[in-house]
Amino acid sequence: MPESWKKSLQSAFLNHRIISAINQDMQVNWLMLDLGIAEVALNQLNEELDRMLIAFNRLCKYKQVTQVSLGCFRMLDIIRNKERCQPKLHVLLPTIKSYFQGRYYIKAESWLSLWCRALDTESVEHVTVNVKVVNTKGDQQAIVRKMDEGLSRVAANRGQRRIGSNEPSIQLPSRRLIGYSRVMKEYLEKLRPDPIYDLNEYRTEDSVANAAFEMMLDWYPGIRLNYDHHPE
């Protein structure tokens, strides 16, 4: 398994543990946000990533967000097409129990407006926002089978490092790729991010954590080519 996809799978498993632990201790709702900007030239990527991450930090400080958010996990995923790149931030966001009630709820168009404001742009043509609620509608048995298969693959690759032939050679600092904050960071530190390869150690009865796991399988930490998808 290519190294970055292994990290992607390990991240999904770690976040499953964090989500299920939080769900056991408190009542929260879970959102997934995709925050993107327009394609940029490869030679301008670092400059645009700086702007994007500064904007994300700004977004997290807006009152509309701080009054509902309990923290977040974010992953930077960049799709490269020759000399152009499409950066996107995947965000896993735990929110307060009453998020969907009245004044706290943030509509999709409001997330778009907030992201534009954070980027200091008025044009929605150059940004993308996608908002999903993590729910329990998926096939739970099929997801658990995916988890079992994924753990077997990660365990089989233990101690191995293989760079896929299609992986771009550009490397980004790890602090740019992944970040945890507030309650997500608190539970990360409680659990310790050591890999666990036994499915019985996961709370697979937590259908929300299962659903989030499946959604995160397509998240990739770093730069990938536009035809590179999670290996089945």
Side-chain angles (χ1 to χ4, degrees), residues 11-12 14-16 18-38 48-79 86-138 176-188 206-221:
S11 175
L14 175 58
N15 284 327
H16 184 286
I18 292 173
I19 294 167
S20 59
I22 292 173
N23 286 343
Q24 192 173 47
D25 292 346
M26 62 184 79
Q27 290 185 304
V28 301
N29 292 295
W30 293 91
L31 300 181
M32 287 197 175
L33 306 177
D34 283 343
L35 307 172
I37 61 174
E48 288 300 310
L49 291 182
D50 285 342
R51 185 173 76 93
M52 193 175 182
L53 291 172
I54 289 170
F56 178 71
N57 289 334
R58 190 178 294 139
L59 173 74
C60 293
K61 294 176 182 177
Y62 291 153
K63 182 180 178 181
Q64 276 183 273
V65 178
T66 58
Q67 68 182 0
V68 299
S69 168
L70 301 175
C72 75
F73 163 78
R74 62 153 178 84
M75 178 184 286
L76 183 59
D77 188 347
I78 303 163
I79 297 178
Q86 177 73 67
K88 181 184 295 183
L89 281 169
H90 300 296
V91 185
L92 173 64
L93 191 74
T95 69
I96 58 174
K97 177 185 175 183
S98 54
Y99 174 72
F100 292 103
Q101 300 172 11
R103 65 190 180 92
Y104 293 114
Y105 180 65
I106 304 175
K107 297 180 180 179
E109 54 266 32
S110 296
W111 280 113
L112 178 60
S113 176
L114 290 169
W115 183 227
C116 286
R117 177 183 163 196
L119 287 165
D120 195 23
T121 180
E122 296 180 359
S123 174
V124 298
E125 296 179 2
H126 302 297
V127 301
T128 58
V129 174
N130 187 31
V131 186
K132 293 180 180 178
V133 178
V134 181
N135 58 49
T136 60
K137 294 180 181 179
R176 278 189 165 190
L177 297 180
I178 286 176
Y180 288 85
S181 68
R182 299 172 60 195
V183 73
M184 294 291 292
K185 185 175 182 179
E186 175 189 338
Y187 276 77
L188 171 70
D206 187 329
S207 54
V208 172
N210 293 348
F213 171 85
E214 184 175 46
M215 295 168 75
M216 288 185 286
L217 287 179
D218 287 329
W219 294 8
Y220 183 97

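Here the structure is a predicted model, which means the values were calculated and not measured.
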Check your understanding: Under a 4.5 Å cut-off applied to non-hydrogen side-chain atoms, are Tyr99 and Ile106 in contact?
Key -> yes
Review point. Any donor-acceptor pair under 3.5 Å linking the side chain of Gln86 with the backbone of Ile37?
Key: yes
Study note, to complete from the structure: Heavy atoms of Cys72 and Pro94 approach each other most closely as CA-CD, 4.2 Å
Check your understanding: Do Tyr104 and Asn29 have side-chain heavy atoms sitting under 4.5 Å apart?
Key -> no
Revision key, fill the gap. Value for CG (Leu49) from CD1 (Ile54), rounded to nearest 0.5 Å, stands at 11.0 Å
**Study point:** Backbone N/O of Glu109 and side chain of Ser113: donor-acceptor pair under 3.5 Å
**Key:** no
Check your understanding: Would a distance-only check, ignoring hydrogens and angles, find a side-chain to backbone donor-acceptor pair under 3.5 Å from Tyr62 to Trp115?
Key -> no
Study note, to complete from the structure: Rounding to 0.5 Å, atoms NZ (Lys132) and CE (Met32) come to a distance of 9.0 Å
Check your understanding: Just wondering, do Arg74 and Leu53 contact through their side chains at under 4.5 Å, heavy atoms?
Key -> yes
Review point. Can you tell me if CG on Asp120 sees more than 12 non-hydrogen neighbours from other groups inside 6.0 Å?
Key: no
Check your understanding: Rounded to the nearest 0.5 Å, what separation is found between the OG atom of Ser110 and the CZ atom of Arg117?
Key -> 11.5 Å
Point to revise | For Cys60 against Thr66, the heavy-atom pair lying closest together | key: O-CG2, 3.0 Å
Practice item. Kindly say whether Tyr220 contributes a backbone atom to a donor-acceptor pair with the side chain of Asp77 at under 3.5 angstrom? Key: yes
Point to revise | Euclidean distance, Lys185 NZ relative to Ile18 CD1, rounded to 0.5 Å | key: 12.0 Å
Check your understanding: Is Leu35 close to Thr128 at the side-chain level, that is, under 4.5 Å between some pair of heavy atoms?
Key -> no
Practice item. Check Leu93 against Gly71 and note the closest heavy-atom contact, atom names and distance. Key: CD1-O, 3.2 Å
Study note, to complete from the structure: Interatomic distance, CG@Leu119 vs CE@Met52, rounded to 0.5 Å, equals 7.5 Å
Check your understanding: If we only count heavy atoms from C-beta on, is the Leu33 to Leu89 side-chain gap below 4.5 Å?
Key -> no
Review point. Hey, mind stepping through Trp111 and Val65 against side chain to side chain contact (heavy atoms under 4.5 Å, CB included) and telling me if it holds?
Key: CA-CA 9 Å; Trp111 280 113; Val65 178; 3.8 Å; yes
Point to revise | Check: Arg182 side chain, Ser69 main-chain N or O, donor-acceptor pair, under 3.5 Å | key: yes
Practice item. Look at the aromatic rings of Trp219 and Phe73 and report parallel, tilted or perpendicular, splitting at 30° and 60°. Key: parallel
Point to revise | Check: Met184 and Asn15 side chains under 4.5 Å, non-hydrogen atoms | key: yes
Point to revise | For Ala212 against Ile19, the heavy-atom pair lying closest together | key: CB-CD1, 3.5 Å
Review point. Could you give the distance from CZ (Phe100) to CG (Leu31), rounded to the nearest 0.5 Å?
Key: 5.5 Å
Review point. Taking the side chain as C-beta and beyond, is there a heavy-atom pair between Leu14 and Leu188 under 4.5 Å?
Key: yes
Practice item. Check whether any side-chain heavy atom of Glu48 sits under 4.5 Å from a side-chain heavy atom of Pro87, and report yes or no. Key: no
**Study point:** Closest non-hydrogen atom pair, Gln67 against Ile96
**Key:** O-CD1, 3.6 Å
Point to revise | Minimum heavy-atom distance between Asp206 and Ser20, given as atom pair plus value | key: OD2-CA, 3.2 Å
